[in-house]
Every structure is written in C-alpha cells, then in structure tokens.
*Asks:* 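First the structure, then my questions, so here it is.
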Amino acid sequence: MDQKRRQLLHAAGGLGVLGLLVAAGVISPAQAQAAAARPGFDARELDAALAALGAQDASASTELSLAAPDIAEVANAVSVEVKSRLPGTDRIAILVEKNPFPLAAVFSIPEGTQPEVITRLKMAQSADVVALVRAGGRFHIARKAVIVTISGCG
Amino acid sequence: MANPMRIRADVRDGLTDVRMQVPHPMESGQRKDDKGAIIPAHFITRLEVRHGERVVFSAEFGPSVSANPFLRFRFKGAAAGDRLVASWVDSRGETRSDEAQVAGAAA
C-alpha cells in the first residue's frame, strides 16, 4: 500500500461512513454534507418541521397538485403524488401532519428532472398530507386530508 | 446485505420514466415486538439516482416512508441503453448500489 492511498483511507476513516461513500464516489461531498444536517427530520410537529425547512411562510398555490386517497385502508403504504407547475421548482417535500416525525421525504429536483414525484408513506392516524415545493427560492404548500382506518405505524 | 433494488426505466420522446422499489424494512422506531420491546429505528436516510456523472434524482427520507420504498420520477437526457446507478445509505450506515439499463418504451 503506498503512502497516498494510506492517507486517503485514513482521511476517509476520519469522515465516517459518508466520507467513505464520498471517497468511493457513491455520493458527492455536497450530498454528504446535506445528509449530515437533515433539517426538519427531527421535528415532532408539522409547524416545527416547516420552520426547520425555512417554509413557515409558505403560501398556498394552485400550481401545485397533491394527490392522495380520501380514505386509506392500508395506512402503511399510502400512495402520494406531488406535481408542481411552478417554474424553478428545485425541491419537493412531503409531510404527514400527525406522524411522530412529520417530515417524510425531501426530494431534490435538478435541472432536467420533472418537478413531480410519486411515493408511498405510512400514516399513524387520520391527518393532512402536506406537499411543500420550493420554486425560485419561495415555498408553496398544499394539503389533503386522508382518513386512516387502520394505523400504519403501530 | 439488503436485496437488490428493482428499477424500471423507459425512455419515450426524450423523457425517461423511472419506477423503483427498494427492499428495506424502513423501521420507524415506533413499533414494538410481541414482547413489548421497541424495534429500533432502521430506515434509508438518503437515496440518489445517477445518469453517468449527473445526479438526476435525490431523496432524503425520514421514518414515515413505507417499507420497501416505491418511487416514480421522470427526467430528460437519457437514451435507450444508457445505465442508471441508484444508491442508498441508511440510518445504520449500510449502503447499497444497483444498476439499471434504460429501455426504449414499447410503442
């Protein structure tokens, strides 16, 4: 093992798992930094999660659509679709109002990727599903009430 | 070692439609086992998909995402035959990467 490689491995070890992933080229340094911070994911209330994302003043927008079922009988896999028609959309977040940790997912939308995503979420109880979109530096929000008949977090 | 991701990617008119299912328990840390002990949290925290050097999609997850996460998104710039690489890291620092080939959509 030559000296350079040893130094690289040593440096990677000091950075932990994310550092190793960066060294291996699995993720970029910027992404490793973002992963280490994760604002909003430790929030226990919807408003706190929105504030952590910098979105406490988000405005309702008709250019943002949120599709989720009215009634979710299987609450451990509730299909949610978010679609933005706002120019410059670069981030989409999905939150579940009454879950223990409301922030479910934050998606980065690079240039060339459609500002839309479909995923599936767990819901602890009947609550609003919330879609948050950042476009041109401003946040926009949409809500949809989902009735849960059997909890998906128990 | 987690099972491989199932990734389908079809390109039509320059837009690649990606659907993926990621085998992972996504334990929220809220559930109890039959003896009443909390099952520790264990969930994917970050996932990204690359087309060559370019990250075309990335996600940060909390524990509210369903077990075996499903994702669907669309991006421009890939051609049939191109490779996509999807990678995730979870709350225990475990990781996995899988490749998929972009298919031309059936007419």
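In the text below, chain A, chain B and the rest are named by the order of the sequence lines, each starting its count at 1.
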*Asks:* Of the listed residues (P102(A), G112(A), A77(A)), which shares the most heavy-atom pairs with chain B below a 4.5 Å separation?
*Replies:*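 Sorted descending by pairs with chain B, the first entry is G112(A).
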*Asks:* Has K144(A) got more than 12 heavy atoms of other residues, nucleotides or ligands less than 6.0 Å from its NZ?
*Replies:*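 Yes, NZ of K144(A) has more than 12 neighbouring heavy atoms, counting only those of other groups under 6.0 Å.
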*Asks:* Parallel, tilted or perpendicular: which one describes the rings of F57(B) and F107(A), with boundaries at 30° and 60°?
*Replies:*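 Aromatic pair F57(B)/F107(A) classed tilted.
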*Asks:* Determine the minimum heavy-atom distance between V78(A) and S66(B), stating which atoms define it.
*Replies:*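 Of all heavy-atom pairs spanning V78(A) and S66(B), the closest is N-OG, 4.4 Å.
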*Asks:* Report yes or no: do V106(A) and V129(A) belong to one cluster of Ile/Leu/Val/Met/Phe/Trp/Tyr joined by side chain heavy-atom distances under 4.5 Å?
*Replies:*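 Not linked; separate clusters.
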*Asks:* Kindly say whether A67(B) contributes a backbone atom to a donor-acceptor pair with the side chain of K122(A) at under 3.5 angstrom?
*Replies:*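 Pair absent, no side-chain N/O of K122(A) close to backbone of A67(B).
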*Asks:* Do R120(A) and P69(B) have side chains that get closer than 4.5 Å, going by heavy atoms?
*Replies:*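 No, too far: nothing below the 4.5 Å cut-off.
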*Asks:* Do other residues, nucleotides or ligands put more than 12 heavy atoms under 6.0 Å from the CZ atom of R138(A)?
*Replies:*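 Atom CZ in R138(A) is not crowded, with 12 or fewer foreign heavy atoms closer than 6.0 Å.
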*Asks:* So, taking the atom named CZ in R46(B) and the one named OG in S108(A), what distance separates them when rounded to the nearest 0.5 Å?
*Replies:*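 Between atom CZ of R46(B) and atom OG of S108(A) there are 6.5 Å.
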*Asks:* Same cluster for F101(A) and L103(A) if Ile/Leu/Val/Met/Phe/Trp/Tyr side chains link at under 4.5 Å?
*Replies:*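 Different clusters.
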*Asks:* To check you understand the geometry: which heavy-atom pair defines the closest contact between R38(A) and E60(B), and what is its length?
*Replies:*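 Looks like NH1-OE1, 2.9 Å.
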*Asks:* Is it possible for you to say whether V96(A) and I44(B) belong to one hydrophobic cluster, with membership spreading through side-chain heavy-atom contacts below 4.5 Å?
*Replies:*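 Yes, V96(A) connects to I44(B) through the hydrophobic network.
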*Asks:* Looking at every heavy atom in both T119(A) and F70(B), which two are closest together, and how far apart are they?
*Replies:*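 Minimum heavy-atom separation between T119(A) and F70(B): OG1-O, 2.7 Å.
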*Asks:* Work out which heavy atom in T113(A) is nearest to a heavy atom in R74(B); give both atom names and the distance.
*Replies:*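 That would be CG2-O, 3.4 Å.
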*Asks:* If you round to the nearest 0.5 Å, how far is CG of N76(A) from OG of S64(B)?
*Replies:*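 The distance works out to 12.0 Å.
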*Asks:* Side-chain heavy atoms under 4.5 angstrom apart, residues restricted to Ile, Leu, Val, Met, Phe, Trp, Tyr: same cluster for L46(A) and I141(A)?
*Replies:*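 Looking at the clustering, I141(A) is in the same group as L46(A).
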*Asks:* Kindly give the heavy-atom pair with the smallest separation between F73(B) and E116(A), and that separation in Å.
*Replies:*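 Shortest heavy-atom separation between F73(B) and E116(A) comes out as CB-O, 4.2 Å.
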*Asks:* With a 4.5 Å cut-off on side-chain heavy-atom distances among I, L, V, M, F, W and Y, is there a chain of contacts connecting I94(A) to L86(A)?
*Replies:*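 Same cluster: I94(A) reaches L86(A) through Ile, Leu, Val, Met, Phe, Trp or Tyr contacts under 4.5 Å.
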*Asks:* Hey, does L121(A) have a side-chain heavy atom less than 4.5 Å from the side chain of V65(B)?
*Replies:*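 When only atoms from C-beta onward are counted, L121(A) and V65(B) do touch, with a gap below 4.5 Å.
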*Asks:* Please name the pair of heavy atoms, one in R54(B) and one in E111(A), separated by the smallest distance, quoted to 0.1 Å.
*Replies:*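 That would be NH1-O, 3.3 Å.
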*Asks:* Side chain from CB out, backbone as N, CA, C, O: work out which of these in Q21(B) comes under 4.5 Å of a heavy atom of chain A, or both, or neither.
*Replies:*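 Only the side chain of Q21(B) comes within 4.5 Å of chain A.
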*Asks:* Atom CZ of residue position R6(B) - does it have more than 12 heavy atoms of other residues, nucleotides or ligands inside 6.0 Å?
*Replies:*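 12 or below, so no.
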*Asks:* Answer yes or no: are there more than 12 heavy-atom neighbours, outside E45(A) itself, under 6.0 Å from its atom CD?
*Replies:*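 Atom CD in E45(A) is not crowded, with 12 or fewer foreign heavy atoms closer than 6.0 Å.
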*Asks:* Is there side-chain contact between L15(B) and Q114(A), with at least one heavy-atom pair below 4.5 Å?
*Replies:*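 The answer is yes; the side chains approach within 4.5 Å.
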*Asks:* Could you tell me which portion of R19(B) (side chain, backbone, both or neither) has an atom closer than 4.5 angstrom to a non-hydrogen atom of chain A?
*Replies:*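 Contact with chain A involves no heavy atom of R19(B) at all.
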*Asks:* Would you mind checking which part of F41(A) comes under 4.5 Å of any heavy atom in chain B, side chain (CB onward), backbone (N, CA, C, O), both or neither?
*Replies:*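 The side chain, not the backbone.
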